[in-house]
Amino acid sequence: MNIQRVKQGGRITYANGIYMIFLGLFIIFFDNMNMKSNFNAINQLWGFFSKFNPEIANIFILYHILIGTLIIPSGIIIIYLSDYIIKRKEKTTWVMLFLFGIIEWVSLLIISFLLKNTIFIIITFIGWSMFCLGMLIPIEYYLQKNYREY
């Protein structure tokens, strides 16, 4: 029963990695819509800003695309670690996935709250909660498993 829970948690985090890749692609391809949402949160209009400050607006867009580009490899790492957990069920891999995923999703959630972008808040909260669910399902297996102390 516990092995099935580990596999189920691994499948959820595997899907979470795919979700993170799609989030990165969403950030890259819908950068103009995301910029409008970010600037509306601070009571500025993106159209006026991009018209009168095109160089600075381009830097904002490139920075936004960079964030999306960095999220894609994070999703790939989550997929790789989840696949390894499904196949081998090792505690060390689970701890690495837990730390990496929590740091990644919480940082995305904090950035979303700081930008006051409701679209990103909802998207990252869904990803964070899905990741937490995938981590909490097999936690009993890893806590009960006995390991040698060195």
Side-chain angles (χ1 to χ4, degrees), residues 1-46 49 57 59-150:
M1 180 66 182
N2 284 337
I3 300 294
Q4 295 302 322
R5 294 186 79 153
V6 171
K7 288 183 179 183
Q8 183 182 18
R11 287 185 195 109
I12 291 173
T13 55
Y14 190 90
N16 184 263
I18 294 170
Y19 182 81
M20 187 175 266
I21 290 173
F22 284 126
L23 175 64
L25 293 173
F26 173 76
I27 290 173
I28 291 171
F29 291 120
F30 295 102
D31 59 343
N32 202 14
M33 182 188 76
N34 295 331
M35 282 297 153
K36 287 178 186 175
S37 298
N38 289 343
F39 273 75
N40 285 339
I42 58 171
N43 295 324
Q44 296 288 328
L45 295 175
W46 173 250
F49 185 78
I59 291 172
F60 275 110
I61 289 174
L62 291 176
Y63 182 70
H64 206 69
I65 290 173
L66 176 68
I67 290 172
T69 306
L70 292 175
I71 290 173
I72 293 172
S74 299
I76 293 170
I77 290 171
I78 288 176
I79 288 172
Y80 177 75
L81 291 174
S82 298
D83 188 52
Y84 198 78
I85 286 173
I86 292 169
K87 291 178 181 174
R88 303 239 178 142
K89 297 159 217 50
E90 289 184 6
K91 184 176 183 179
T92 307
T93 310
W94 183 82
V95 170
M96 287 174 28
L97 179 63
F98 181 77
L99 292 175
F100 181 79
I102 289 295
I103 290 170
E104 188 72 26
W105 280 113
V106 170
S107 63
L108 286 172
L109 198 56
I110 289 171
I111 289 171
S112 300
F113 275 110
L114 291 176
L115 291 174
K116 299 176 186 169
N117 188 339
T118 55
I119 295 171
F120 279 158
I121 290 171
I122 292 169
I123 290 172
T124 54
F125 184 76
I126 291 170
W128 176 74
S129 59
M130 184 168 64
F131 182 80
C132 287
L133 178 69
M135 288 281 100
L136 291 177
I137 288 175
I139 196 167
E140 185 179 345
Y141 171 78
Y142 289 114
L143 292 178
Q144 290 178 353
K145 196 169 183 180
N146 293 326
Y147 291 98
R148 288 184 289 165
E149 302 255 345
Y150 292 103

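This chain uses plain numbering: 1 for the first residue, then up along the sequence. Here the structure is a predicted model, which is why all the values come from computation and not from measurement.
Atoms CG and OG1, on L25 and T69 in that order, are 9.0 Å from each other to the nearest 0.5 Å. One finds the CD1 atom of I119 at 11.0 Å from the CZ atom of F30 (value rounded to the nearest 0.5 Å). Here M20 contributes atom CE and I123 contributes atom CD1; the two are 12.5 Å apart, rounded to the nearest 0.5 Å. For the atom pair S129 OG and L136 CG, the distance stands at 11.0 Å (nearest 0.5 Å).
For M130, the side chain to side chain contact (heavy atoms under 4.5 Å, CB included) test picks out I12, N16, Y19, with sequence neighbours left out. Residues forming a side chain to side chain contact (heavy atoms under 4.5 Å, CB included) with Y14 (at least two apart in sequence, or on another chain): I18, I79, S82, D83. T93 pairs by the side chain to side chain contact (heavy atoms under 4.5 Å, CB included) definition with L81, Y84, I85, E90, not counting sequence neighbours.
Closest non-hydrogen pair, S112 versus T124, comes out as OG-OG1, 3.5 Å. Between K89 and I3 the shortest heavy-atom distance is CE-CG2, 3.4 Å. Of all non-hydrogen atoms in I121 and L109, the two that sit nearest each other are O-CD1, 4.0 Å. Of all non-hydrogen atoms in P138 and G9, the two that sit nearest each other are CD-CA, 4.1 Å.
Each of I71, I65, L70 was scored for a side-chain contact (heavy atoms from CB on, under 4.5 Å) with I67, with one residue passing: I71.
A 6.0 Å sphere centred on CZ of F22 holds no more than 12 heavy atoms belonging to other residues, nucleotides or ligands. More than 12 heavy atoms of other residues, nucleotides or ligands sit less than 6.0 Å from atom CH2 of W105. Heavy atoms from other residues, nucleotides or ligands lying under 6.0 Å from OH of Y80 number 12 at most.
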>> Let's go through I72 and I28 carefully: what are the C-alpha distance in whole Å and the side-chain angles of both, what is the deciding distance for side chain to side chain contact (heavy atoms under 4.5 Å, CB included) to 0.1 Å, and is it a yes or a no?
In response: CA-CA 10 Å; I72 293 172; I28 291 171; 3.9 Å; yes
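Contact annotation: the side chain of F113 never approaches that of F125 to less than 4.5 Å [non-hydrogen atoms, C-beta and beyond]. Side-chain atoms of L108 and L23, non-hydrogen and from C-beta on, do get closer than 4.5 Å to each other. Counting heavy atoms from C-beta outward, I77 and E104 have side chains that stay 4.5 Å or more apart.
Taking the six-membered ring where the residue is Trp, the centroids of F131 and W128 are separated by 6.0 Å or more.
Between W94 and F98, the ring planes are parallel. Angles under 30° get that label, and only those over 60° would be called perpendicular.
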